[in-house]
Amino acid sequence: MSPLPSGLLGDLDPTSDRAVFRQIADQLREAIDRGRFREGEKLPSEAELVEHFGVSRMTVRNAFSILQGEGLVHAEHGRGVFVRPRPPVRRLASDRFARRHREQGKSAFIVEADAAGSHPQVDSLEVKEERASQDVSARLGSVRRVLARRRRYLLDGRPVEFATSYLPLDIARGTPIAEPNPGPGGIYARLEELGHRLDHFEEEIRARMPSPAEVKTLRLAAGVPVIHLVRTAFDTEGRAVEVCDTVMAADAYVLSYQLPAT
């Protein structure tokens with residue numbers, strides 16, 4: 001087996017109190033950060049690292065586990081360990097719901113996919129009337145029942161988010177919003193056609209580890225957290241016309257904000 005290229009990885013420090021597998025993880029992390037291993041590139045194999053560092057396979061596997069837990073790499077059975085690609089989508093809060101996009105027949109997700117040069121898809125679509133949860137009811141002004149629209153979004157075939165929109169029945173029932181495909185511009189374009197001109201949005205964002213169901217739905221690798229976002233849309237009369245509960249793969253997005261200085 002040929003040795004690793006000179007300078008790719010350093011040597012272990014036998015005088016350090018830091019565990020050997022953590023030292024190996026540190027060196028691999030630094031090599032990734034410095035661009036010695038690029039996005040999508042395969043890391044040295046277990047055998048190569050065993051030979052380079054003079055350690056056991058279990059020590060190398062523990063080092064890989066650390067990097068997987070940090071979301072830096074992912075393992076492919078029978079192929080090896082690869083550097084995880086950086087987030088492909090920039091979610092620009094100040095622009096994604098701009099009216100000009102709806103007038104062009106584009107939803108926010110399509111706008112973001114176009115900017116990323118990716119192919120957008122929507123699947124796992126479910127549209128039904130149901131009882132509002134206590135939280136959704138409070139956000140929508142104490143409504144009892146809502147129209148729920150559940151869908152999963154994919155970029156280039158990869159699931160990146162799962163979202164559920166809740167709308168008051170007196171607005172959505174019997175309209176294109178209740179159809180699987182609400183038409184160009186999405187449900188926000190239909191809301192404005194129904195006389196609910198959108199005025200502003202409020203978003204609450206938190207990061208957390210995913211539930212088992214979310215791991216399966218979004219096909220998340222070990223160690224990848226999710227971004228949980230709840231958005232409420234208000235019309236010009238101050239009425240809350242939609243609540244959207246979204247769970248996003250944190251390794252798929254960069255959240256970008258522009259804030260006024262005043």
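Nothing here was measured: the structure is a model prediction, and the numbers come from that model. Every heavy atom of this structure was used, including side-chain atoms; hydrogens, water molecules and symmetry mates were not.
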Which residues satisfy the side chain to side chain donor-acceptor pair (under 3.5 Å) test with [X], sequence neighbours excluded?
X    : value
S56  : T59
Q121 : none
H74  : E76
E202 : none

Partners of [X] by side chain to side chain contact (heavy atoms under 4.5 Å, CB included), sequence neighbours excluded?
X    : value
T236 : R197, D199
R18  : S16, R22, Q23, D26
R208 : R206, E214, V226, H228, V247
V224 : R84, L220, A221, D251

Using the salt bridge (Lys or Arg N to Asp or Glu O under 4.0 Å) rule, collect all pairs that involve residues 117-126, keeping only residues at least two apart or in two chains.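 Found D123-R152, E126-R150.
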Listing request: all salt bridge (Lys or Arg N to Asp or Glu O under 4.0 Å) pairs with a residue in residues 233-250, at least two apart in sequence or in separate chains.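 Sorted result for residues 233-250: D170-R239.
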With a cut-off of 3.5 Å and sequence neighbours excluded, list every side-chain donor-acceptor pair involving residues 141-149.
from : atom 1 : to   : atom 2 : distance (Å)
R149 : NH1    : I177 : O      : 2.6
R149 : NH1    : E179 : O      : 2.6
R149 : NH2    : P180 : O      : 3.1

Residues which pass ring pair (Phe, Tyr, Trp, His ring centres under 6.0 Å) with H200, listed by chain and number, not counting sequence neighbours: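 Only F234 meet the ring pair (Phe, Tyr, Trp, His ring centres under 6.0 Å) criterion with H200.
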